[in-house]
Amino acid sequence: MTETAIEFVNVLKRYGSAVAVDKMSFSIAKGELVTFLGPSGCGKTTSLRLIAGLELPTEGQVKIAGRDVSRDPASERNVGMVFQSYALFPHMSVLDNVSYGPTIRGVPKAEARDRARAILDQVGLAGYEARLPSELSGGQQQRVAVARAIVQQPDVLLFDEPLSNVDAKLRRKVRAEIRELQQRFGLTAVYVTHDQEEALAVSDRIVVMKMGQIAQIGTPAELYEQPASSFVADFIGDANLIEGKVSSGTFHAAHLALPVRAADGIVTATIRPERIRLAKGGIATIRSASYLGSRMEYVVQDENLEFLVSRPISEPRLTAGDSVDLQIDPADLVLVR
Amino acid sequence: MPRSGRCRSNRQRIPVGRFSLTSDRAGLAWLGLLAAALGLVPWYKGNNLFAGPAASALTEALAGRGWLWPMIAVTSALSIAALTRGWQRSNLALGLTLGAFALLIWQGFAVGLRGPSADWVGSAFPRAADGQTGLGWGGFLAGIALTGLLSDLFAARGFCRGERFPAFCITAIVALLTLFVFFPILRLGIAAFVDPTGALALGTFWARISAPDLWGVACFAGAGRCGVVVNTVVLGVLSASFATALGLALALLVNRTDFRMKRALRAISILPIITPPFVVGVAIILLFGRTGLVTSFVADLMDVRPTRWIYGLPGILIAQVLAFAPVTFLVLLSTLEAINPTLEEASRTLGARSMTTFRKITWPLLRPGLAAAFLLAFIESLADFGNPIVLGGGYEVLSVKIFFAVVGARYDLGNAATLAMILLALTLIAFWLQMRWMGKKSYVTVTGKSDAGLTAPLPPILKIAVFAVVLPWVLFTLAVYIIIAAGGFVTDIGRWDLTPTLSHLVTAFRFEIAENGLQLYGSAWDSMITTLWVAGLAAPLTTLVGILTAWLVARQDFAGRRAFEFGTMLSFAVPGTVVGVSYVAAFNVPPVDITGTAAILIICFVFRNMPVGMRAGLAALAQIDKSMEEASQTMGAGGATTLRRVVLPLIRPAVFTALVYSFVTAMTAVSAVIFLVSARHNMATAYIMGRVEAGEYALAIAYSAVLMIVMIGCVALIQLAVGTRRLGRRQELQGRPAADPAE
């Protein structure tokens, strides 16, 4: 078992009567990048701020590097944080911004500056030391923010939606940079986003959150392929959710009858759009067909069920009104209760 | 560069143990200060006959002042509790600290100057019969130490997210507000209900509060005088109405016409803020008094007998409208500027003519601003002391009556307290109305988008009306300030004797440079030097408390934040006269006996003007992204460091505003200080008032002119010191600067 960097033990955060984080427990291993993912208001940013010490838990314990820091303010924890707005100090030069932390923690000024220069060099900003943040581009500002957060060798590096202010075109590049830096320095990182694609791309593991609670924790592949609930299935990628019931080893919904291995009862079956195949001629009808460049997306009506189906562009095109037959491999069904 | 090398060179981890040690140390330091305050520092002020001079609480207690023992005992218990690990989170430590605090307060009130305050205290501690004087350094240090300790225990329990600095600031400010704002008011309230012997006297209170000279309305029937409360309210309503009308005219002129001299107008409107009190009243007397310049001129011209019409309601009204119009002007100007011009353009495109647009669109949008301006002027009029005392004649208002009840020959604190309570109630009602108005969702729309469109010009009829109102005001203001500028430097401007002379200045500010150095002979030097000292000390302190409070309110999320904010604003609402009397009631006797010192003047200014610094700070902080401070925290900076290195550099303009305002107000304030000045610590305004009462108008004017010049000089100095390098662009302050270089 690897060393635990961060641990939440029954952490509860209440604002007045509203519960933002509801008895959360999990742990993050050293060197891991874990993403908090969820819709707005699910408590993911609050959880991040609880790690940073910008919020203190109402109940429960927050541990960093094995030490209970639940009552320690942010200034007494060893964390680095990259803010959504970057939060660079506009009245300080890039070098002063980056050497701020070491100076505050008592490193002699000259040494603090040397460290800052070295880190700036690492993030590719050598030569920009004397600039004011206002004289940098958005991407450069973000790299200053990252440099500032990692210059003190933090126990954990926190990212609060770091890409929300980055140009859509640049996001892919920046998130790869972040991932590369995190792995190069071997940092433990916690990343908050509401963008599931971003989460799948950067994370070792993802914590999917819903209303202050953990919906599921797992690797990107686990979450996509084995969602624990219809919420997770729906939130991570697209999913068809079919409500039905299982009786003696068969899943029934409308006229569908698929063999499954599950106990009897009412369930929701989830299936990914690309796992459904279509064949011409059948009782289902294509309601709409959309050309998306890399694939075709169809909405198919089968009795009272509606399916989203995604097919490679290489297959023969179908158009709205066509009669089709839905082909589902029972192995692709994931049943959730 | 290979990764391993970099990391090894940086691997100076923060020692984990250090933090817990620091947090222990802070609590222990406060505890140490507390022990020193009780055991080493003189407990009482000045000398006392009991245990000899400069005796600590411990010595005093050993010498027989037994009522000090409980406090000392609890402190000792606390010190023992502090030996255990994690004591700061224990309930025992909190209970003992609160107990020590309560006992500190109790020992102060249990025994008065002349003996025990209750019989059982007297029988329990026989030597209480000798009484005790006010607290000295020991007492105050103990209070500070307990406040610090309490804040440390709160922080350990997660108050202010565990940050010690903001926790301390909040606790300290609450303690200070309690001591210097609420306690005096409470004391004053009590004074209204007791007779001089200290017994409850509801009958006396009822007799005072129902007196016909308070509530009489005979003047409306045309027979005799009205009561002082009625007078005050009538004056307030009239003054606020006229000031609001004038302010509106000025605001419309600046915002809605192509009038050229807008800058000059703004400059003129600042004048009343730096004008010392009384001097406008004096100028009005010199113009319109029985032998005034205008009066004599009109009398000669029309062949009528000059009268004393200016003394009374007309005179006060003129002076107040002149003084408050700038305030209403600024309020209404910001309201006008906030109206989105597209609304008026929409009305015009829908076919409404300019007058209709003004009536149906602009006016309704202005109404909240008008109400706010009116109530502001009303509150100022209630609190005004300088104008009524000079121009009042037989027209009595509350503030002046309160003054004479305390300072006059008939010293009657009970009566003054009753009147002060009425004045306070009136003010609080107006304040409450204002909060309600402000609290309501205003329809004014500031979208932050660039306002496409131009403001609609005024309809012609309104334009004429505006000029008709503003022009006389400009002429009048000019006349008053010409008198002020020239009056001090000519023989007698009242009789139009314009021979230039420096004799008034010499009387006030004569000095010689002799062998033994600079010798100051002028009669005004003492008050001038005191004023500069007091204002110079009060201004930075006021700014500090004000900006700190703003930062706490804007940035710290703590239980009771709304009450905290409301409390600070309330301290601003209390009229100066009421503050003055309440300080007399509260601080003339032990345990906090500080009247007659310069400290009480400074304290009075700090807590009266602090809300202005707070407002400036709040406005500036609203422009700055909170995450910059959070970034600083995550990098290891505590609250104090973040404030100094990140927040203050970004809100420098607000700091400047707060400094200038508090300095200027301290130089020109009169209503509260007039109760607090002493022979040793006289203030410029009190000196000027003395000259006015003695009829030495020229001297008063000369001094006022010098005061204004000094103020302008000091403001320039402050500007130089604080610097006005602005980071004003909103976008830049948000922590995510624009791509192009600003400045």
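Order of the sequence lines sets the chain letters (A, B, ...), proteins ahead of strands, with each chain counted from 1.
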Quick one: closest heavy-atom pair of [X] and [Y], and the distance?
{"X": "Gly162(B)", "Y": "Leu56(A)", "value": "N-CD1, 3.5 Å"}
{"X": "Ala52(A)", "Y": "Thr634(B)", "value": "CB-CG2, 4.3 Å"}
{"X": "Pro90(A)", "Y": "Met628(B)", "value": "CD-SD, 3.3 Å"}
{"X": "Asp625(B)", "Y": "Ser85(A)", "value": "OD2-OG, 2.8 Å"}

What I'd like to find out is whether the side chain of [X] reaches to under 4.5 Å of the side chain of [Y], using heavy atoms alone.
{"X": "Glu163(B)", "Y": "Ser75(A)", "result": "yes"}
{"X": "Tyr100(A)", "Y": "Val646(B)", "result": "yes"}
{"X": "Met81(A)", "Y": "Met635(B)", "result": "no"}
{"X": "Phe89(A)", "Y": "Ser632(B)", "result": "yes"}

| query | Which bit of Ser70(A) comes within less than 4.5 Å of chain B, counting heavy atoms only: side chain, backbone, both or neither? | reply | neither

| message | Is there a side chain to side chain contact (heavy atoms under 4.5 Å, CB included) between Glu76(A) and Gln633(B)? Walk through the geometry before answering. | response | CA-CA 9 Å; Glu76(A) 297 182 6; Gln633(B) 275 173 276; over 6 Å; no

| query | Does OH in Tyr128(A) sit with more than 12 non-hydrogen atoms of other residues, nucleotides or ligands closer than 6.0 Å? | reply | no

| remark: Pair count under 4.5 Å, heavy atoms only, with chain B: among Arg131(A), Arg71(A), Gln140(A), Gln142(A), highest is Arg71(A)

| said: Could you work out, with side chain to side chain donor-acceptor pair (under 3.5 Å) as the rule, every residue matching Ser203(A), not counting sequence neighbours? | reply: Thr35(A)

| request: Kindly write out the residues that satisfy salt bridge (Lys or Arg N to Asp or Glu O under 4.0 Å) with Lys626(B), not counting sequence neighbours, or none if the list is empty. | output: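 Partners of Lys626(B) by the salt bridge (Lys or Arg N to Asp or Glu O under 4.0 Å) criterion come out as none, since no residue qualifies.
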
| request: Would you mind checking which part of Arg645(B) comes under 4.5 Å of any heavy atom in chain A, side chain (CB onward), backbone (N, CA, C, O), both or neither? | output: both

| task | Please check if the side chain of Arg161(B) supplies one atom and the backbone of Pro73(A) the other of a donor-acceptor pair under 3.5 Å. | result |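 No: the side chain of Arg161(B) does not pair with the backbone of Pro73(A).
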
